[in-house]
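When reading the values below, keep in mind they use all heavy atoms of this one structure, side chains included, and skip hydrogens, waters and symmetry mates. In this text, all values refer to a predicted model and were calculated from it rather than measured experimentally.
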Amino acid sequence: MKRQRGTGRATLAAMAAMCAVAALPGQSWAAGEPNPYAFDSEAKSVQGAAVNSDGPSLKAGSTYKDTIKPGEKRYYRVDLDARTNAYVSAVAVPKLATKVSYADKLSVSIEDRSGSRCGDNDARFGSAAYARPIAAYAERTIEKDASSCQEEGAYYVLLERSSDDTSTPEPWAVEIRFASEPGLKAQGATAPPENWPSANPAPPGGGPQKRHGGTSFTDATGLKQGEWQDEIRPGQTLFYRVPVDWGQQIFASADLGTSVAPDSAAGVGSALALALHNPARGAVDEASSMYYSGKQNSIALDALPPVAYENRYDTGSDSGMRFAGWYYLSVTLNPEVGKEYGRHAFALTLRVNVEGEAKAAPAYAGPAGDFEVTKDDQEAADSGERAPEAAKSDTMQLIAAAGIGAGTVLVLGLGVWTLVARRRATALPAQGVAGPVPGQGQGMGLGHAAGPGPSPRPGPGSGPGPGPVNVAGHAPGQVPGGGQAPGGQTPGQYGPPPSW
């Protein structure tokens with residue numbers, strides 16, 4: 001029996017990895033530790049350049065990883081056509097428990113060859129000034145009456161980090177993603193909707209359900225409408241994703257449970273930060289005004305308009321509700337809560353509403369890519385699948401389908417071969433004894449087993465001695481009655497003839 005080398009090691013490694021993941025909710029974060037943010041496993045390492053013309057090229061649909069220091073600028077290149085909208089996002093990931101300030105930010109912009117800015121945004125910590133992943137994007141969009149940034153050619157992505165003198169000067173890890181959105185077949189309305197439901201809906205029904213968040217955009221846990229219970233530790237950030245289709249609204253709130261610490265513990269401001277990002281990882285809204293004194297408390301996102309293509313023409317945060325797809329919720333618990341109330345896990349409850357009926361997508365001139373909600377997305381939200389799990393499931397389905405297809409072809413092929421072999425055997429003349437093989441000694445006839453006695457010898461004028469004989473007394477390639485196996489195949493060999 002063959003043994004697979006390294007199986008035991010691989011099993012132990014897999015078990016260790018599973019234990020490490022399972023241990024995350026119980027960890028206490030120490031200052032300077034790497035953030036447990038799960039970077040995309042397919043992210044390519046790049047190094048942005050100080051000069052635009054030296055910047056490495058980014059490809060649409062790909063993810064990259066880099067670092068950036070305080071005051072540093074990093075350039076990258078993207079090559080764009082004159083039909084497609086481009087979004088380049090950057091997620092800043094400072095080390096755990098390092099010091100950040102209100103003024104610290106990561107700026108993202110896209111510039112054309114003349115230096116004009118096509119779009120820019122900042123990722124900030126704001127009043128919740130504690131280390132956590134923050135994200136923003138810059139866009140280059142095709143607009144009918146625009147005079148710049150519409151041409152095909154090279155564009156440059158610029159990342160800039162601004163830091164306060166009191167902040168920890170260590171580099172931030174950065175995850176960069178380049179997403180593209182097809183243009184429209186025909187130009188539609190260019191004014192954002194003005195009237196839409198802004199009242200908070202009733203809490204979702206169905207009762208509380210358990211679901212643990214992921215550690216990044218890449219492995220965010222799928223959620224549908226409902227009440228979701230989890231646990232979060234001081235300094236930890238949890239990620240969730242919710243499919244929101246065209247014409248639908250998302251409402252979200254987060255509750256922090258009570259503490260068992262003494263009443264003498266001091267209250268903590270900005271105790272919980274709840275943020276929403278769109279499918280291109282652009283910041284949409286954030287709530288972080290919670291004051292925690294050991295008693296339960298809650299925060300909620302502002303009411304946001306239904307998803308509509310025209311929202312991109314809004315000048316405020318509502319512009320982020322511009323396309324369908326996965327919307328990302330992230331929740332961070334202020335590390336100061338751990339100092340006052342203990343570094344154990346705290347009860348966290350998310351309430352998510354997705355209101356409105358899904359509407360038809362805009363008339364895109366190509367595949368929507370990330371900017372749609374599919375049946376698979378809905379199923380992933382129902383089951384709580386994370387993106388890597390959903391991708392693995394899709395891959396396994398493809399493999400299974402390919403295996404079934406290949407198996408069907410093989411069975412059909414063997415069936416045809418068997419039928420051909422039988423027909424050929426039936427068509428051959430039935431003879432009691434196989435005739436001599438030319439140039440060889442006399443073979444043994446059918447039904448004659450080899451017995452004691454002298455071996456056959458070549459007669460006068462005959463060729464070499466007897467050729468190879470099988471158990472039935474036939475030369476290889478012969479069938480009973482003196483015929484030949486189909487395609488010249490040796491008896492005992494299974495499968496189609498060699499000519500197949």
> Is it true that the side chains of E372 and Y364 contain a donor and an acceptor less than 3.5 Å apart?
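No, because no side-chain N or O of E372 sits under 3.5 Å from a partner of the opposite role on Y364.
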> Would a distance-only check, ignoring hydrogens and angles, find a side-chain to backbone donor-acceptor pair under 3.5 Å from D370 to A280?
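Answer holds: no.
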> Please report the shortest heavy-atom distance between Y64 and S57, naming the atom on each side.
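Here Y64 and S57 meet closest at OH-O, 4.1 Å.
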> If only atom types and distance count, is the side chain of Y37 paired as donor or acceptor with the main-chain N or O of P94 below 3.5 Å?
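No, because the side chain of Y37 does not come within donor-acceptor range (under 3.5 Å) of the backbone of P94.
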> Quick one: do the D112 and S114 side chains pair a donor with an acceptor below 3.5 Å?
yes
> What heavy-atom pair brings A135 and H277 nearest, and what distance separates the two atoms?
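Smallest interatomic distance, heavy atoms only, reads O-NE2, 3.5 Å.
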> Would you call E175 and R281 a salt bridge, using N to O less than 4.0 angstrom?
yes
> Examine Y156 together with Y75 and report whether their ring centres are nearer than 6.0 Å.
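No, they do not, as the ring centres are separated by 6.0 Å or more.
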> Does the side chain of I176 come within less than 4.5 Å of L159's, by heavy atoms?
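L159 reaches I176 side chain to side chain.
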> Does the cation-pi check pass for R211 over Y240, that is, NZ or CZ under 6.0 Å from the six-membered ring centre and within 45° of its axis?
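The answer is no; the distance or angle limit is not met.
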> Are D165 and S101 side-chain neighbours, meaning at least one heavy-atom pair lies under 4.5 Å?
no
> Could you report the tightest heavy-atom contact between A123 and A136, atom names first, then the distance?
N-CB, 3.7 Å
> The test is side-chain contact (heavy atoms from CB on, under 4.5 Å); show your working for E160 and S162 and say whether it passes.
CA-CA 7 Å; E160 298 177 86; S162 301; 5.5 Å; no
> For A38, does its backbone N or O pair with a side-chain atom of S216 as donor and acceptor, under 3.5 Å?
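Yes, the answer is positive, given that a donor and an acceptor are paired below the 3.5 Å cut-off.
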> CE of M321 to CD of Q248: how many Å apart, nearest 0.5 Å?
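The distance works out to 10.0 Å.
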> Nearest 0.5 angstrom please: D285 CG to N278 CG, how far?
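The CG atom of N278 is 12.0 Å from CG of D285, to the nearest 0.5 Å.
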> Quick test of your reading of the model: are K73 and E111 salt-bridged, counting only N-O distances below 4.0 Å?
no
> Would you mind reporting whether F239 and P133 have side-chain heavy atoms less than 4.5 Å apart?
yes
> Would you say Q209 has more than 12 foreign heavy atoms packed within less than 6.0 Å of its CD?
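More than 12 within 6.0 Å, yes.
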> Checking side-chain polar atoms at under 3.5 Å, does T141 have a donor or acceptor matched by the opposite partner on E143?
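Present: a donor and an acceptor within the cut-off.
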> Quick one: pull up CG in L274 and CG in L238 and give me the separation to the nearest 0.5 Å.
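Between L274 CG and L238 CG, I get 11.5 Å after rounding to 0.5 Å.
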> Indicate the atoms forming the closest heavy-atom contact of R132 with E286, along with that distance.
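Taking R132 first and E286 second, the nearest heavy atoms are NH2-OE2, 3.2 Å.
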> So, do D104 and D164 sit near enough that their side-chain heavy atoms are less than 4.5 Å apart?
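They are in side-chain contact.
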> Atom OG of S289 and atom CG of L272: how far apart are they, to the nearest 0.5 Å?
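S289 OG to L272 CG: 10.0 Å, rounded to 0.5 Å.
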> Does the side chain of L223 reach to within under 4.5 Å of the side chain of V242, using non-hydrogen atoms?
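The answer is yes; the side chains approach within 4.5 Å.
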> After noting the C-alpha distance and the side-chain angles of L329 and L301, does the key distance pass the side-chain contact (heavy atoms from CB on, under 4.5 Å) rule?
CA-CA 10 Å; L329 290 167; L301 298 175; 3.9 Å; yes
> For the atom pair CG (D230) and NZ (K210), what is the distance rounded to the nearest 0.5 Å?
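So the gap between those two atoms works out to 8.5 Å.
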> Strictly below 4.0 Å, N to O, side chains only: are D255 and R351 in salt-bridge contact?
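Salt bridge between D255 and R351, a charged N being under 4.0 Å from a carboxylate O: yes.
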> Once you round to the nearest 0.5 Å, how far does OG of S317 lie from CG of D302?
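One gets 7.0 Å once the value is rounded to the nearest 0.5 Å.
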> So does D40 get a backbone contact from the side chain of T63, meaning a donor-acceptor N/O pair under 3.5 Å?
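No.
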> Tell me if a side-chain donor or acceptor on E340 pairs with a main-chain N or O of V268 at a distance below 3.5 Å.
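No; zero donor-acceptor contacts below 3.5 Å.
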> What's the verdict on side-chain contact (heavy atoms from CB on, under 4.5 Å) for Y292 and S259, showing C-alpha distance, side-chain angles and the deciding distance?
CA-CA 10 Å; Y292 187 69; S259 170; 3.4 Å; yes
> For V354, does its backbone N or O pair with a side-chain atom of Q225 as donor and acceptor, under 3.5 Å?
yes
> Looking only at heavy atoms, which two atoms of F251 and A303 are closest? And how far apart?
CE2-CB, 4.1 Å
> Just so I know, are the side chains of R83 and I142 near enough to count as touching, which here means a heavy-atom distance under 4.5 Å?
no
> Between the side chains of D81 and T84, does any donor sit under 3.5 Å from an acceptor?
yes
> Within the distance-only criterion (no hydrogens, no angle test), does the side chain of Q249 pair as donor or acceptor with the backbone N or O of L304 below 3.5 angstrom?
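Yes, Q249 side chain to L304 backbone: donor-acceptor pair under 3.5 Å.
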> OH of Y291: more than 12 outside heavy atoms within 6.0 angstrom?
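Atom OH in Y291 is crowded, with more than 12 foreign heavy atoms closer than 6.0 Å.
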> Could you walk me through whether T166 and K99 pass the side-chain contact (heavy atoms from CB on, under 4.5 Å) test, one step at a time?
CA-CA 8 Å; T166 61; K99 183 175 176 52; 3.8 Å; yes
> Is R74 positioned over the aromatic face of Y76, cation under 6.0 angstrom from the ring centre and no more than 45 degrees off axis?
no
> Less than 4.5 Å apart, any side-chain heavy atom of Y137 and any of N121?
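Y137 vs N121: side chains touch.
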> Mind checking whether Y155 and C149 have side chains closer than 4.5 Å, heavy atoms only?
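Y155 reaches C149 side chain to side chain.
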> Will you find, in the side chains of T221 and R386, an N or O donor that is under 3.5 Å from an N or O acceptor?
yes
> Quick test of your reading: applying side chain to side chain donor-acceptor pair (under 3.5 Å), list the pairs with at least one residue in residues 324-338, sequence neighbours left out, ordered by first then second residue.
T237-T332, W326-D377, E336-K339
> Answer yes or no for R312 and Y309: cation-pi contact, defined as NZ/CZ to six-membered ring centre under 6.0 Å and angle to ring axis within 45°.
yes
> Please answer whether the main-chain N or O of R124 pairs with a side-chain N or O of D122 as donor and acceptor at a distance below 3.5 Å.
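No; zero donor-acceptor contacts below 3.5 Å.
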